[in-house]
Amino acid sequence: MSQLLDNLNPEQLAAVTLSPQHALILAGAGSGKTRVLITRIAWLLQNGYCSPQGILAVTFTNKAAKEMLTRLSAMFPVNTRGMWIGTFHGLCNRFLRAHFRDAGLPQLFQILDSGDQLAAIKRLLKALNVDDEKFPPKDLQHFINGQKEAGIRPAAVEAWDDYTRRRVELYVEYEAQCQREGVVDFPELLLRSYELLERNEPIRRHYQGRFRHILVDEFQDTNVLQYRWLSLLADGGREGGASLFCVGDDDQSIYRFRGAEVGNMRDFEKDFKVGSVIRLEQNYRSHGNILDAANALIANNSKRLGKQLWTDRGAGEPIRVYEAFTDTDEARWVVEEIQSLVRDGMSRADIALLYRSNAQSRVLEHQLFSSGIPYRVYGGLRFFERQEVKHALAYLRLIANPDDDTAFTRVVNFPTRGIGARSLEVLGDAARTWNTPLYQTVPHLTGKPGAALAQFVALIERLRQETANLRLHEMVDHVIEVSGLRAHYKAEKEGQERLENLDELINAAANFSAELGAGEVPGEHGSTLAEFLAHASLEAGDHQADVGMEAVQLMTVHAAKGLEFDVVFLSGLEEGLFPHENSALELDGLEEERRLMYVAVTRARQRLYLSFTQSRMLHGQVRYNLRSRFLEEIPDGLLKWLTPPNPRRSFVSEPSTRYYNPGASKPAAPSMPPPPPQKSRDLGGLSIGQSVRHARFGDGVIVSAEGSGNDARVQVKFAEAGSKWLMLAVAKLIPV
């Protein structure tokens with residue numbers, strides 16, 4: 001037992017060895033929360049509080065779940081195969097496979113990932129002759145998923161207007177289509193699991209009795225339905241129910257746009273009468289100056305449970321701040337700093353460039369490419385979302401379930417086999433008339449459309465027969481070959497990468513079978529194939545590790561959550577960009593933006609750079625913003641300015657600026673005239689009131705100035721570009 005608890009700090013030890021009860025563990029960034037969660041499971045098993053089958057552990061990514069299982073096996077001698085450790089969606093998939101009849105699903109039901117769900121919605125709108133401009137498919141998808149994640153079926157949706165009532169009707173039609181085809185989307189996995197547990201008392205009592213300890217990772221990211229699902233399994237906190245051990249950080253709740261409800265943490269304290277709240281505040285990742293900045297930032301949020309990060313690693317380097325003139329200048333400076341760091345021995349893989357909006361990446365990528373610095377955009381297209389992989393999976397899905405209309409429409413004419421849009425339209429009309437899936441409708445068609453479609457059905461039947469006794473990876477290989485996918489991509493000019501991805505899909509099938517313990521068992525279109533297809537859909541949400549040369553990492557701050565780097569560059573710290581302008585329109589929007597900034601800062605281990613620009617090209621327009629209020633919230637003593645701080649660009653400095661007054665619905669009028677410039681200045685031969693010309697902005701007049709010599713800045717009112725502050729040493733103004 002002593003080895004299990006070795007090297008835990010006092011707070012970690014208290015959390016791990018807490019007697020069985022409801023507990024909330026507030027785990028700050030870099031505080032070792034995963035270690036605490038895994039050690040807690042091992043400690044419960046070692047001390048006989050329950051068997052491995054009595055543990056239910058939930059996390060948010062397949063990668064995290066696999067890491068949990070691997071580390072648990074290394075820490076404690078236990079067979080993890082039968083343990084329920086996984087993501088919400090993965091565990092609900094497992095539950096529904098075991099109780100498919102009670103859930104009203106076919107045994108081999110298929111899972112629609114986000115892309116397949118959108119395709120199914122588009123197909124529905126077309127079938128119902130619904131104007132997709134009035135009801136955009138993505139908006140309808142968001143509406144349906146939002147209702148499901150809140151636990152709301154169509155009959156319970158409050159519809160106050162005709163538009164909402166029509167969306168509810170489409171929600172009804174979508175559910176009917178999914179039920180007819182035997183498919184479920186991601187939110188449906190959880191909702192149907194919850195509904196089955198709620199209405200079926202014997203099943204509910206079985207699982208409530210089985211799972212005595214429920215442990216939840218990243219609890220701050222749970223949505224309303226996930227919290228209700230957990231509460232139901234824990235019998236609402238009643239005596240005799242399971243113990244809920246929830247680990248999370250309200251300061252890192254940044255997924256409200258996905259339905260995450262940070263209020264679940266407070267509700268948990270109240271609903272379950274939580275007596276033990278343990279704070280993990282010692283950080284093992286970052287130096288002190290970085291943590292002090294993070295603490296100062298997040299202290300401005302009012303709705304916190306509260307904690308203070310600290311480290312024994314020392315203060316470290318100050319946080320470097322740079323003000324650029326344009327986004328191009330900012331990107332050029334970032335690249336120069338990276339080149340300097342690499343010359344000093346820093347690995348490119350330990351350097352990350354973070355930004356608030358994806359639109360910011362273009363100019364950074366351009367500068368990196370121009371300078372010959374290898375880079376990788378983290379969170380790019382995932383393996384199971386790549387076109388060629390989805391095509392191969394669609395063939396496999398049809399073998400497993402020919403009634404899957406989404407898979408049918410994806411590959412019925414890919415590779416091209418002469419089945420046009422008109423033929424599919426005729427097929428769709430017939431399917432609605434006969435109320436049958438597309439595949440089953442094909443025999444009812446005659447003429448040329450019927451003949452071409454019949455050949456496709458014959459191909460699927462042939463594949464089903466020829467792969468009946470093949471191992472899973474052999475089945476995948478055979479389908480890729482016989483379907484024509486391999487020949488199609490061989491004929492493509494740049495199809496080599498797609499062929500490599502198809503080969504990797506075969507490898508994925510072989511690895512999956514080996515992990516499942518089914519490597520020598522033929523597929524027979526049964527559970528192994530169904531589980532692999534479910535695995536592919538669930539894995540589509542995970543980032544795939546890229547293999548190749550050492551590269552600088554580019555990503556949004558959202559994508560950076562859970563990662564850490566020796567050096568972090570955070571660009572675009574400007575009002576309207578970070579915090580994002582939309583935050584002003586949302587309840588508690590600014591607090592979520594500040595949490596996002598907190599996440600960004602705490603990604604850095606050793607060195608943190610913060611930068612902003614005077615002007616930035618975004619969405620095709622040049623924007624002029626003040627520096628972010630978040631910079632003002634970091635104590636000056638933690639910062640090292642690489643450029644002289646300009647008070648005129650501060651969010652809080654001048655009440656005369658039209659940007660100041662964040663509570664205003666429109667730019668505020670100046671409350672007082674700007675102070676007159678000092679008369680004695682070295683402006684390189686220029687003067688206030690002089691007409692000048694700028695290479696980019698055209699002709700203008702100098703109306704104000706500050707500083708002197710190399711540090712001099714002038715405010716120029718341009719005829720077309722408006723008023724701008726420029727550094728004389730760089731702007732190269734020409735007297736007119």
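As a basis for the values below, the full set of heavy atoms in this structure was taken, side chains included, without hydrogen atoms, waters or symmetry mates.
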Quick one: ring-ring contact (aromatic ring centres under 6.0 Å, His included) pairs with a partner in residues 114-133, sequence neighbours left out? none
Any donor-acceptor pair under 3.5 Å from R165 side chain to E158 backbone: no
In terms of side-chain heavy atoms, does E591 have a donor or acceptor partner in S302 at a distance below 3.5 Å? yes
Pairing residues for K270 by the side-chain contact (heavy atoms from CB on, under 4.5 Å) criterion, not counting sequence neighbours: D267
Listed by chain and number, what are the ring-ring contact (aromatic ring centres under 6.0 Å, His included) partners of F245, not counting sequence neighbours? none
Judged by atom type as modelled, is there a donor-acceptor pair below 3.5 Å linking the side chain of R40 to the main-chain atoms of L215? no
Q360 (side chain) donor-acceptor with Y355 (main chain) under 3.5 angstrom: no
I'd like to check the ring-ring contact (aromatic ring centres under 6.0 Å, His included) partners of Y598; sequence neighbours left out, ordered by chain and number. none
Just checking, any donor-acceptor pair under 3.5 angstrom between side chains of D116 and Q110? no
Which class fits the ring pair H444 and W434: parallel under 30°, tilted 30 to 60°, perpendicular over 60°? parallel
Could you check whether E261 and N223, counting side-chain N and O atoms only, form a donor-acceptor pair closer than 3.5 Å? no
Is the Lys NZ or Arg CZ of R97 less than 6.0 Å from the centre of F109's six-membered ring, within 45° of the axis? yes
Set of residues satisfying ring-ring contact (aromatic ring centres under 6.0 Å, His included) with respect to F630, sequence neighbours excluded: F578
By ring-ring contact (aromatic ring centres under 6.0 Å, His included), Y174 pairs with (sequence neighbours left out) none
Would you confirm whether D250, through its side chain, and R304, through its main-chain N or O, come within 3.5 Å as a donor-acceptor pair? no
Just how far is it from atom CG of L124 to atom CG of L128, taken to the nearest 0.5 Å? 4.5 Å
Please determine, by modelled atom types, if R397 and N401 share a side-chain donor-acceptor pair under 3.5 angstrom. no
Quick check against the 3.5 Å criterion: does H558 have a side-chain atom that pairs as donor or acceptor with the backbone of I254? yes
Backbone N/O of A159 and side chain of R167: donor-acceptor pair under 3.5 Å: no
Are the side chain of R204 and the backbone N or O of E198 linked by a donor-acceptor pair below 3.5 Å? yes
Parallel, tilted or perpendicular for Y163 and F135, by the 30°/60° rule? parallel
Exercise: identify the closest heavy-atom pair between L108 and A400: CD1-O, 4.0 Å
